[in-house]
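Everything below concerns the one structure shown next.
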Amino acid sequence: MDVLIIGLLLGGIYALMAMGLQLQYGVARIMNLANGEILVAAALSTFWFYTALHVSPFLALLAIVPAAFGLNWAIYRYLMLPLVRRARSQGHLEVDSILATFGLSFISVGVLLAVFGGHYLNYSYLAVPFRIFGENYGLNRVAAFLGASAICAGLYVWLVRTRPGLTLRAIAVNPQAAGLVGIDVVKVSAFGFALGGAVTATGGALLSMFLTFDASIGVIFTLKALVIVILGGVSDVRGAIAASFILGLTETLVATFVDPGLTIAAAYVLFLAILLLRPQGLFGRRPA
Amino acid sequence: MKKRGLLTVATLACAASLILSGAGNAQQVMKIGAVAPKTGPLGGGAAVTHWPNVQLWVQQVNARGGLKLKSGQVKIEIIEYDDQTSPGETIKAVERLATQDKADFILQPYSTGLNLAAAPTYAKYDYPQVATTAISDQIPALAQRYPGLFFVLGDTTSYARSVADILKKMRDEGKLGTKVAMVNVADAFGIELANAARPIFKERGFELVYDRSYPLGTQDLAPVVKAAKAANPDAFVAWSYPIDTFILTEQAKIEGLNVKAFYVAVASAFPAFAEKFGKSAEGILGAGGINHDAAETQAYVKAHREITGKAPDNWASIVTYAGFQILEQAIEAVGTKDRKAVTEYIRNNAFNTAMGPIKFEKQNNEKFWTVGQWQNGVFYGVASTGRPGAKPIVAKPSW
Amino acid sequence: MTAAERTNLGLAGLALLAAALLPVVGSGYWLSIGISIAMYTVLATSWALFSGPTNYISLATAAFFGLGMYTVAGGINLLPFPVLVALAALAGAVLAGVVGLATLRISGVYFVIFTLGLAELVRQLVAWGQHVMGASSGLFVLINVSDRMLYWMLLALAVLVYLVGWWIGRSRLGFALRIIGNDEVVAVHAGINTARAKVALFVIAGAFAALTGAVMAPRYNYVEPTLAFNPFLSFQVVIMALLGGAHRLWGPLLGVIPLTFLLEAISRSFPRQQILLLGVAFLLIVYFVPAGVVGLVEGAFRRRKFGHA
């Protein structure tokens, strides 16, 4: 039983890492390799809010989320849009965006290094036990899980039940057709990219409650998020959410019943297995 | 006629002034290179242990006028490079420092892997290399292969053995049972420590009730801590790296894994560890340790705080600084920029450093701190291979 | 052979001779830059052998490189160095074959991400294996390979890559690839086994990357997982190949040389802002040199020939 709960909590962490990237790729078609740096920037900012200004991470979100939204919107509008415009095909855009965001991640690391220095930063927040069914779990991890669930639920409802969400999904499914029915693809893509960045930043802020960060660690998060997004099928955020929890549960099961040293290997085997059986990912659509 | 005479006088005057300015120009400089990670997987560790000490040492030496050579005092001009935790970059930077920047000396790199990758290049240009963050069980072979390479931080087996000795001592005093839960991070240092420790624990009569590794970069170690707790250990030993050290400790606290001896290897000695865990850090053991009662150590800690604004870590910071001091004293003893002479001097003489006296036996410093413990907010050395001032060990209170 | 081919071959031979003389005339610093250029040329050109025709971006270079390095490091006390290098090539080929057969039916971006994770996967398996076997993790490769020897070995590898690439171009495989590159559907209908062609290329690229890792092992001295499997290596190789142009055999070389000097210039002039300026350089390359240097050169030729772009 506790294995399930640990797995779910871990899944929540992964969801926080991956949902933002999924939005950026699914809607704006940008494979953002600087995703991890957005997460780290938010985490380090939250650290600063907490240690320097004594503001709780949840309150710090009020400042961090809009800032991340604005920054990512600007990145799309000024750095990514020229690539989108000149791309001759989807594959071409993917290559260009991978390379450009890779460069962007280097720039981000340089900036983070200059602002926060290179050393490890962490703080203690809600690091108290929280009992569920007789076992202890970190209250901060539970809070992060609740935050992740809130975002998942909110995104799901918004994407499925509201008109703006519908336009977002339309672009994810088929940008050309969406343009044909009068959707301003550029504007909505920018919005999707910015929204993805804001979600990632929220994830970073929540994760900073119990994980340790430094300026260079973003690449680990990017890698994990990429695997989850592909696993879930790139066009639907429900896929990323499902994949996060499946991955979290798998890793926890392997760690508990097999060997903790094989968790990451198991994750990749799972990744490979799903891609072989269902190449479009869990929730993806077969390319037309 | 007159013009030619004037010309001759002018030329002679120019020549004379050139010669005089050259001789009187005591604005010599000692170019010293420094190459270590500022980014990449080891950037975080180097930012705590290596770079602040570079800043501290250079500032202190220049504040007192510079290094004392026979020809006068020369200030240090430091040239820094970021090797991005990549051995290829470290080698390139050393080559660059040697041939393009014409560095007189190069400070040692950071970490075992980068020191060893750079060793052939240091040797090629006769730079002394006082490695202060390299730990290896192959020191004798390496010392023979690289006559200019010196080791200060010790060997892997000693670190593992000290932990086993401490546990045995606690058991003999009746404070501890025989069951040990051991985990390690699946990366070079973690694996080597675990492999070294396993036979020593068995030899000392301990039973390894849990013995597993976990991948580097894992964000959730709850399954590991739960399983370790379920095995009912008396002691918990984790050969861990900075990030997992923090995660393991927090998880152990949450799960209520109460043992009388709790050891997390790397970064338990960082100031950030005490900052995060506060009173809960009390009694936690880790690699390293400092004799906080020694006068030279206190002076070092104070200066580090003042000049860099941060506290040093309680393990390799002071060792790194000692390495710089050794270079400084050797250069001043030799009095010139002769690298071979300086290397010879380091090999054969004793030095007074912030961590006490150091003398190399076949290029190896045999006396180093192996285990420290947080007691009342200070990380004291509790075990060493020959350093005085070890504090008695306390059993870890419950979380 | 046509006259043009003979001229090309002659020029190539001269260039090779000049390159081979570097250790004789250059100092240690220039030799270390030469080693860097030679290494990336082998990696980028072999990468382009696969990614050029298939348009698949493989980020698996670091996985094969690390595997090759570990083959040498693991066996250095048991077998002579040349045997280990050959074994490394075999190991790289086998891994590439397995991965290729499994994944090349997966399309585009999925393949990219899987290859990115491959280095991490191989690294985790190596580390876990070492823990389980009780072997020490950091392995020492303390054999004497001078910088000159290393440079000439890498140069020989580069020549080998070019020979293989040239041979592929003239072979049935190359013919099949040209058709695939033009229109994959046509190729399939013409009875070409596209999957087998792609796997063959992936195996070649993997073997060369492993060979390079094996040859570099003595330089690293101490081989540990974090340092041997460095994901940035994969990205650097891709950027260099794309900068030069992945669709011509000599394209990646045109990317490797300028980028190596650019990175060196950044490191020397702005040591404190190295990583930031590296990122800016990548961005500038992506925006302003989209077709690669090959594109620039061929565009210039076209303009000269026809008087317009």
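Being a predicted model, the structure only gives us computed values, none of them experimental.
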Side chain to side chain, A:Ile107 and C:Val280, heavy atoms closer than 4.5 Å: yes

C:Arg196, CZ: over 12 other non-hydrogen atoms inside 6.0 angstrom: no

C:Phe232 ring center within less than 6.0 Å of A:Phe106 ring center: yes

Which atoms of C:Val99 approach chain A - backbone, side chain, both or neither, heavy atom under 4.5 Å: neither

For C:Val286, the option from A:Asp96, A:Leu104, A:Ile98 that meets side chain to side chain contact (heavy atoms under 4.5 Å, CB included): A:Asp96

Any C:Gln124 side-chain heavy atom under 4.5 Å of A:Tyr268 side chain: no

Side-chain (C:Tyr287) to main-chain (A:Ala100) donor-acceptor, under 3.5 angstrom: no

Where at least one partner belongs to residues 94-104 of chain C, residue pairs that pass salt bridge (Lys or Arg N to Asp or Glu O under 4.0 Å), sequence neighbours excluded: none

Approximate separation, where rounding is to 0.5 Å, of A:Phe102 CZ and C:Leu278 CG: 9.0 Å

With sequence neighbours excluded, residues passing side-chain contact (heavy atoms from CB on, under 4.5 Å) with C:Ala205: C:Phe50

Atom group of C:Ile57 that falls short of 4.5 Å from chain A, counting heavy atoms: side chain

Residue C:Leu116 versus chain A: region with a heavy atom under 4.5 Å: both

Heavy-atom pair count under 4.5 Å with chain C, highest-scoring of A:Val111, A:Leu223, A:Val109, A:Leu231: A:Leu223

Pairs of heavy atoms under 4.5 Å with chain C: top-ranked of A:Val269, A:Val229, A:Thr101, A:Asp259: A:Asp259

Straight-line distance of C:Ile275 CD1 to A:Ser216 OG, nearest 0.5 Å: 6.5 Å

Trace of the side chain to side chain contact (heavy atoms under 4.5 Å, CB included) decision for A:Leu99 with C:Leu242: CA-CA 10 Å; A:Leu99 296 177; C:Leu242 290 177; 3.2 Å; yes

Side-chain touch A:Leu33/C:Phe235, heavy atoms, less than 4.5 angstrom: yes

Options A:Ile264, A:Leu262, A:Val227, A:Val219, ranked by heavy-atom pairs under 4.5 Å with chain C, top entry: A:Leu262

